[in-house]
Amino acid sequence: MTTHKVGYLIGSLAKDSINRRLAKALVRFAPPELEMSEISFKDLPLYSYDYDADYPPAGKAFKAAIAAVDAVLFITPEYNRSIPGGLKNAIDWASRPYGTNSFTRKPSAVIGTSPGAIGTAVAQQNLRSVLSFCNSPHMSAPEAYIQFKPGLITDEGEVTNDTTADFLSKFMQDFRVFISRIHSALPKDA
Ligand SMILES: Cc1cc2nc3c(=O)[nH]c(=O)nc-3n(C[C@H](O)[C@H](O)[C@H](O)COP(=O)(O)O)c2cc1C
(Lines give C-alpha, C1' and ligand atoms only; values in the text may rest on other atoms or scores of the structure.)
Protein backbone atom coordinates (compact mmCIF):
# COMPACT_ATOMS: atom_id res chain seq x y z
CA MET A 1 0.00 0.00 0.00
CA THR A 2 1.48 3.32 -1.05
CA THR A 3 0.81 5.98 1.54
CA HIS A 4 0.78 9.72 1.06
CA LYS A 5 1.27 12.42 3.66
CA VAL A 6 -1.42 15.07 3.36
CA GLY A 7 -1.09 18.40 5.16
CA TYR A 8 -4.35 20.24 5.54
CA LEU A 9 -4.78 23.97 6.03
CA ILE A 10 -7.97 25.27 7.64
CA GLY A 11 -8.61 28.75 6.34
CA SER A 12 -10.45 29.91 9.45
CA LEU A 13 -8.83 30.96 12.72
CA ALA A 14 -12.18 31.04 14.56
CA LYS A 15 -12.46 28.73 17.55
CA ASP A 16 -15.95 27.59 16.53
CA SER A 17 -15.06 27.29 12.86
CA ILE A 18 -17.46 25.22 10.77
CA ASN A 19 -14.56 24.56 8.39
CA ARG A 20 -12.62 22.98 11.28
CA ARG A 21 -15.61 20.68 11.76
CA LEU A 22 -15.48 19.86 8.05
CA ALA A 23 -11.75 19.15 8.40
CA LYS A 24 -12.45 16.69 11.22
CA ALA A 25 -15.00 14.94 9.03
CA LEU A 26 -12.53 14.72 6.14
CA VAL A 27 -9.89 13.22 8.42
CA ARG A 28 -12.45 10.59 9.47
CA PHE A 29 -13.25 9.80 5.83
CA ALA A 30 -9.65 9.75 4.61
CA PRO A 31 -8.72 6.34 3.22
CA PRO A 32 -5.94 4.52 5.11
CA GLU A 33 -3.42 5.44 2.39
CA LEU A 34 -3.65 9.10 3.40
CA GLU A 35 -1.79 10.24 6.54
CA MET A 36 -3.55 13.44 7.53
CA SER A 37 -1.96 16.21 9.62
CA GLU A 38 -2.89 19.84 10.13
CA ILE A 39 -0.45 22.55 9.08
CA SER A 40 -1.21 25.61 11.17
CA PHE A 41 -0.46 29.12 9.98
CA LYS A 42 -1.75 31.09 12.96
CA ASP A 43 1.74 32.12 14.18
CA LEU A 44 2.91 33.60 10.89
CA PRO A 45 3.48 37.36 10.84
CA LEU A 46 2.16 39.36 7.92
CA TYR A 47 4.43 38.57 4.97
CA SER A 48 6.74 41.12 3.41
CA TYR A 49 9.63 40.46 1.07
CA ASP A 50 11.78 42.24 3.66
CA TYR A 51 11.84 38.84 5.38
CA ASP A 52 13.24 37.04 2.34
CA ALA A 53 16.89 37.55 3.28
CA ASP A 54 16.36 35.94 6.68
CA TYR A 55 13.10 34.05 7.17
CA PRO A 56 11.93 34.03 10.82
CA PRO A 57 11.50 30.64 12.56
CA ALA A 58 7.72 30.61 11.98
CA GLY A 59 8.21 31.14 8.24
CA LYS A 60 10.89 28.46 8.02
CA ALA A 61 8.77 26.00 10.00
CA PHE A 62 5.77 26.63 7.78
CA LYS A 63 7.76 26.09 4.59
CA ALA A 64 9.30 22.94 6.06
CA ALA A 65 5.86 21.59 6.94
CA ILE A 66 4.64 22.08 3.36
CA ALA A 67 7.84 20.51 2.01
CA ALA A 68 7.39 17.47 4.25
CA VAL A 69 3.99 16.45 2.85
CA ASP A 70 3.09 14.82 -0.45
CA ALA A 71 -0.07 16.88 -0.95
CA VAL A 72 -2.00 19.76 0.53
CA LEU A 73 -5.73 19.97 1.26
CA PHE A 74 -7.26 23.42 1.66
CA ILE A 75 -10.45 23.59 3.73
CA THR A 76 -11.54 27.18 3.62
CA PRO A 77 -14.37 29.55 4.39
CA GLU A 78 -15.35 32.33 2.05
CA TYR A 79 -14.72 35.83 3.36
CA ASN A 80 -16.06 38.65 1.22
CA ARG A 81 -16.14 36.37 -1.82
CA SER A 82 -12.50 35.36 -1.44
CA ILE A 83 -10.29 33.36 0.89
CA PRO A 84 -9.53 34.71 4.39
CA GLY A 85 -6.51 37.00 4.57
CA GLY A 86 -4.70 34.68 6.97
CA LEU A 87 -4.76 31.86 4.45
CA LYS A 88 -3.54 34.05 1.62
CA ASN A 89 -0.76 35.33 3.88
CA ALA A 90 0.28 31.74 4.60
CA ILE A 91 0.37 30.87 0.91
CA ASP A 92 2.52 33.94 0.26
CA TRP A 93 4.99 32.82 2.96
CA ALA A 94 5.26 29.33 1.47
CA SER A 95 5.69 30.65 -2.07
CA ARG A 96 8.78 32.70 -1.26
CA PRO A 97 11.70 33.55 -1.27
CA TYR A 98 11.65 33.63 -5.06
CA GLY A 99 12.86 30.34 -6.49
CA THR A 100 11.88 28.31 -3.41
CA ASN A 101 8.11 28.06 -3.92
CA SER A 102 7.00 25.22 -1.66
CA PHE A 103 3.94 24.44 -3.77
CA THR A 104 5.76 23.62 -7.00
CA ARG A 105 4.41 20.30 -8.34
CA LYS A 106 2.69 19.68 -4.99
CA PRO A 107 -0.76 18.24 -5.61
CA SER A 108 -3.63 19.95 -3.82
CA ALA A 109 -7.39 19.95 -3.40
CA VAL A 110 -9.86 22.59 -2.31
CA ILE A 111 -13.06 22.28 -0.30
CA GLY A 112 -15.04 24.54 1.99
CA THR A 113 -18.29 25.17 3.73
CA SER A 114 -20.42 28.21 4.46
CA PRO A 115 -24.04 28.77 5.45
CA GLY A 116 -24.61 30.48 2.10
CA ALA A 117 -26.21 28.64 -0.81
CA ILE A 118 -23.09 28.65 -2.98
CA GLY A 119 -20.96 27.10 -0.22
CA THR A 120 -17.64 28.96 -0.76
CA ALA A 121 -17.67 28.57 -4.55
CA VAL A 122 -16.26 32.03 -5.22
CA ALA A 123 -13.50 31.70 -2.62
CA GLN A 124 -12.53 28.37 -4.13
CA GLN A 125 -12.25 29.87 -7.59
CA ASN A 126 -9.99 32.57 -6.17
CA LEU A 127 -7.87 29.94 -4.44
CA ARG A 128 -7.59 27.85 -7.62
CA SER A 129 -6.25 30.90 -9.40
CA VAL A 130 -3.58 31.33 -6.70
CA LEU A 131 -2.68 27.63 -6.80
CA SER A 132 -2.34 27.75 -10.57
CA PHE A 133 0.17 30.56 -10.28
CA CYS A 134 1.98 28.63 -7.53
CA ASN A 135 2.29 25.66 -9.90
CA SER A 136 0.32 23.34 -7.63
CA PRO A 137 -1.65 20.79 -9.68
CA HIS A 138 -5.08 20.92 -8.05
CA MET A 139 -7.90 18.41 -8.32
CA SER A 140 -10.53 19.98 -10.54
CA ALA A 141 -13.26 17.40 -9.94
CA PRO A 142 -15.24 16.72 -7.91
CA GLU A 143 -15.94 20.29 -6.88
CA ALA A 144 -17.05 20.45 -3.26
CA TYR A 145 -19.27 23.33 -2.21
CA ILE A 146 -20.76 22.34 1.12
CA GLN A 147 -23.68 24.42 2.38
CA PHE A 148 -23.52 24.24 6.16
CA LYS A 149 -26.86 23.77 7.86
CA PRO A 150 -27.16 23.62 11.68
CA GLY A 151 -26.15 20.19 12.92
CA LEU A 152 -24.74 18.98 9.58
CA ILE A 153 -21.36 18.20 11.16
CA THR A 154 -20.86 17.83 14.91
CA ASP A 155 -17.96 19.32 16.88
CA GLU A 156 -16.30 15.92 16.65
CA GLY A 157 -16.63 15.78 12.87
CA GLU A 158 -19.53 13.37 12.61
CA VAL A 159 -21.62 14.02 9.51
CA THR A 160 -25.33 13.65 10.19
CA ASN A 161 -26.54 13.56 6.57
CA ASP A 162 -25.85 10.33 4.66
CA THR A 163 -25.67 11.98 1.24
CA THR A 164 -23.09 14.50 2.48
CA ALA A 165 -21.15 11.73 4.25
CA ASP A 166 -21.00 9.66 1.06
CA PHE A 167 -19.93 12.69 -0.93
CA LEU A 168 -17.11 13.61 1.47
CA SER A 169 -15.91 10.01 1.59
CA LYS A 170 -15.82 9.88 -2.22
CA PHE A 171 -14.02 13.24 -2.30
CA MET A 172 -11.20 11.85 -0.15
CA GLN A 173 -10.95 8.66 -2.19
CA ASP A 174 -10.75 10.72 -5.37
CA PHE A 175 -8.05 12.89 -3.79
CA ARG A 176 -6.00 9.77 -3.02
CA VAL A 177 -6.20 8.71 -6.68
CA PHE A 178 -5.34 12.24 -7.82
CA ILE A 179 -2.26 12.39 -5.58
CA SER A 180 -1.04 9.02 -6.90
CA ARG A 181 -1.51 10.11 -10.49
CA ILE A 182 0.31 13.39 -10.01
CA HIS A 183 3.23 11.73 -8.24
CA SER A 184 3.43 9.15 -11.06
CA ALA A 185 3.53 11.85 -13.71
CA LEU A 186 5.61 14.38 -11.78
CA PRO A 187 7.99 12.52 -9.44
CA LYS A 188 9.06 14.61 -6.46
CA ASP A 189 12.76 14.42 -7.31
CA ALA A 190 12.31 15.14 -11.03
C1 LIG B 1 -15.37 38.75 7.28
C2 LIG B 1 -16.44 37.77 6.83
C3 LIG B 1 -16.83 37.75 5.51
C4 LIG B 1 -17.74 36.79 5.08
N5 LIG B 1 -18.05 36.71 3.75
C6 LIG B 1 -18.78 35.65 3.30
C7 LIG B 1 -18.89 35.40 1.90
O8 LIG B 1 -18.37 36.13 1.07
N9 LIG B 1 -19.60 34.31 1.50
C10 LIG B 1 -20.17 33.45 2.41
O11 LIG B 1 -20.80 32.47 2.01
N12 LIG B 1 -20.10 33.68 3.74
C13 LIG B 1 -19.40 34.73 4.21
N14 LIG B 1 -19.24 34.94 5.56
C15 LIG B 1 -19.94 34.06 6.50
C16 LIG B 1 -19.12 32.80 6.73
O17 LIG B 1 -19.46 31.84 5.74
C18 LIG B 1 -19.42 32.22 8.12
O19 LIG B 1 -19.02 33.14 9.11
C20 LIG B 1 -18.70 30.90 8.35
O21 LIG B 1 -18.99 30.43 9.66
C22 LIG B 1 -17.19 31.06 8.19
O23 LIG B 1 -16.55 29.81 8.30
P24 LIG B 1 -15.72 29.46 9.63
O25 LIG B 1 -16.74 29.29 10.74
O26 LIG B 1 -15.03 28.19 9.30
O27 LIG B 1 -14.81 30.61 9.90
C28 LIG B 1 -18.35 35.90 6.02
C29 LIG B 1 -17.95 35.95 7.36
C30 LIG B 1 -17.00 36.87 7.77
C31 LIG B 1 -16.56 36.87 9.22
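In listed order, ligands and their atoms are each counted from 1.
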Report summary line: Nearest non-hydrogen protein atom to atom 25 (O) of ligand 1, with distance, is I18 N, 3.0 Å

Requested in this report: Give yes or no for whether the N/O distance cutoff of 3.5 Å, strictly under, is met between T113 and ligand 1.
Outcome: no

Query raised in the report: Salt bridge between D166 and K170, side-chain N to carboxylate O under 4.0 Å?
Result: no

Query raised in the report: When rounded to the nearest 0.5 angstrom, what distance separates CE in M139 from CG in D174?
Result: 6.0 Å

Query raised in the report: How about atom 19 (O) of ligand 1: does it have a protein heavy atom within less than 4.0 Å?
Result: no

Query raised in the report: P77 to ligand 1: N or O pair under 3.5 Å?
Result: no

Report summary line: among protein heavy atoms, the one nearest atom 26 (O) of ligand 1 is S17 OG, 2.6 Å

Query raised in the report: Distance only, no hydrogens: is a donor on one side chain within 3.5 Å (strictly under) of an acceptor on the other, for S169 and Q173?
Result: yes

Report task. For residues I153 and T113, determine if any side-chain heavy atom of one lies less than 4.5 Å from a side-chain heavy atom of the other. Result -> no

Query - Nearest protein heavy atom with distance in Å, relative to atom 8 (O) of ligand 1 - result: R81 N, 2.7 Å

Query raised in the report: Under 4.0 Å from any heavy atom of N19, which atoms of ligand 1 are there?
Result: 23 (O), 24 (P), 26 (O)

**Report entry** The single option from F103, F62, Y51 passing ring-ring contact (aromatic ring centres under 6.0 Å, His included) against W93
**Finding:** Y51

**Report entry** Test of proximity, Y79 against ligand 1: N or O pairs below 3.5 Å
**Finding:** yes

Requested in this report: Would you mind checking which non-hydrogen protein atom is closest to atom 11 (O) of ligand 1, with the distance to 0.1 Å?
Outcome: S114 OG, 2.8 Å

Query - Any side-chain heavy-atom pair of D70 and P107 under 4.5 Å - result: no

Report task. Report the member of R21, Q147, E78 with the shortest heavy-atom distance to atom 7 (C) of ligand 1. Result -> E78

Report summary line: side chain to side chain contact (heavy atoms under 4.5 Å, CB included) with L73: of L26, I10, I39, only one passes, and it is L26

**Report entry** Heavy-atom closest pair, residues F74 and L87
**Finding:** CD2-CD1, 4.0 Å

Report task. For ligand 1, find out whether one of its N or O atoms is nearer than 3.5 Å to an N or O atom of S12. Result -> yes

**Report entry** Identity of the nearest option to atom 1 (C) of ligand 1, non-hydrogen atoms only, from N80, L13, V122
**Finding:** N80

